[in-house]
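The structure appears right after this line, and notes come after that.
The model shown is predicted, which means the values in this text are computed figures rather than measured ones. Computed from heavy atoms alone, side chains included, the values below leave out hydrogens, waters and symmetry copies.
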Amino acid sequence: MENHYAIETQSLGRVYKIRNPGKKENKTLTALEGVDLQIKPGELFGLLGPNGAGKTTLIKILTTLLAPTHGYASVAGYDVSKSPDDVRQRINMVSGGESSGYGLLTVRENLWMFAQFYGIESKEANQRIKTLLEIVGIADRANSRSSNLSTGLRQKMNIVRGFLTDPEILFLDEPTLGLDVGASRDVRSFIRRWMDDDPKRTLLLTTHYMIEADELCDRVAIINKGKVLACGTPASLKQSLQKDAIFHIDLDSPKVLVESVFSILPGVTSVKIHDNENKTIMDLVLDEESALANVIATVTSQGAQIVTLQKREPTLEDVFVKLVGQRMEEVEHADAPAS
């Protein structure tokens, strides 16, 4: 079935009903609201946002695991609600942190079993398994029981499972969640290599890691609280802040500096102050560089001293802060349930 887009959504939304004991009406939680996306064949597209932003809900709808409350979504040209079987034949999905497979089976046995579910001929399946395990660096663990693998090695096995079927469209939901720096780098390298090997492949990646979105994605949609706030190439999103002056300042401060004191200064677009390794760090976005003089004067009046001051290029983190008003980890911390 022909379609200009590999993935398309129009005004897509998902609302959950939550039981409200003792009340006549249930509460509602809006997980997605008015999501419009058009992803072309061959794109490595990223959904960047904090935990709870709606990324996983969107992927579940696109992979036919969850029905939308309203709006439209198509994958490979097929309506996910009307033609779920046609969609499933053309996709695969891997979620970070999932515990898939059977612990008593070896890595090779688990992957071979999944290959049979998808109807891959045995000889071809064994060759693909061998090649993919070598690429992700766990060929030496092929005969190890999956129950004996570390979290990182088990996630690499899951990554191989997703790529094993060579799907037309692949969904990766936080694929490097819980992995160490080295393993994350290996996975990112593998993802990019897989995309480069065949220009017809399409991949939708969700992540809350800025570096992952910046390094991997052709385009990125920034999502928060179920809404897409911006969409473009990483370069174009950062370019949108190019007119602003962005500074990183290390301070020696005997007391806690209050962000609100600086945020009301003329020309200050955003300011974030946090402690890191026994020093105070201030990240500033200014309408124009001349506004820095008032900031420095205010720092001095607060009894702090500037150790280093550096003007830098915009990052995706800066874009997120400007759109949301908080850093990614601050949003996640604010939305986390109390322990």
Side-chain polar contacts of residues 175-187 - donor-acceptor pairs under 3.5 angstrom, sequence neighbours left out - could you list them?
unit_1	atom_1	unit_2	atom_2	d
T176	OG1	E212	OE1	3.4
T176	OG1	E212	OE2	2.5
D180	OD1	G182	N	3.2
D180	OD1	A183	N	2.7
S184	OG	D180	O	3.0
D186	OD2	K156	NZ	3.1

Let me check something: any side-chain donor-acceptor pairs from residues 34-45 under 3.5 Å, sequence neighbours excluded? List them with distances.
unit_1	atom_1	unit_2	atom_2	d
D36	OD1	S11	N	2.6
E43	OE1	K40	N	2.8
E43	OE1	R219	NH2	2.9
E43	OE2	R219	NE	2.6

What side-chain donor-acceptor pairs closer than 3.5 Å can you find for residues 293-306, not counting sequence neighbours?
unit_1	atom_1	unit_2	atom_2	d
T298	OG1	N294	O	2.8
T300	OG1	I296	O	3.1
S301	OG	T298	O	2.7

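Listed here is the closest heavy atom pair of K55 and T207: CE-O, 3.7 Å.
Contacts of D86 classified as side-chain hydrogen bond (donor to acceptor under 3.5 Å, both in side chains), with partners at least two apart in sequence or in another chain: none. For T280, the side-chain hydrogen bond (donor to acceptor under 3.5 Å, both in side chains) partners two or more places apart in sequence, or in a different chain, are D275. Every residue two or more places apart in sequence or in another chain that forms a side-chain hydrogen bond (donor to acceptor under 3.5 Å, both in side chains) with R88 is listed here: T64, D85. Annotation: ring pair (Phe, Tyr, Trp, His ring centres under 6.0 Å) contacts of W194 (sequence neighbours excluded): F163. Taking Y118 as the reference, N92, I120, T165 meet the side-chain contact (heavy atoms from CB on, under 4.5 Å) condition, with sequence neighbours excluded. Scored by the side-chain contact (heavy atoms from CB on, under 4.5 Å) test, T131 finds Q127, I135 as partners (sequence neighbours excluded).
With F190 as the aromatic partner, R192 does not meet the cation-pi criteria of under 6.0 angstrom to the ring centre and within 45 degrees of the ring axis.
Listed by first then second residue, pairs satisfying side-chain hydrogen bond (donor to acceptor under 3.5 Å, both in side chains) with a partner in residues 256-274 read T269-D287, not counting sequence neighbours. The list of side-chain hydrogen bond (donor to acceptor under 3.5 Å, both in side chains) pairs with a residue in residues 313-325, not counting sequence neighbours, reads Q242-E313, D244-K322, R312-D318, T315-D318.
Side-chain contact, T206 with D173: a donor N or O sits under 3.5 Å from an acceptor N or O.
By the 4.5 Å side-chain criterion applied to Ile, Leu, Val, Met, Phe, Trp and Tyr, I281 is assigned to no cluster and stands alone.
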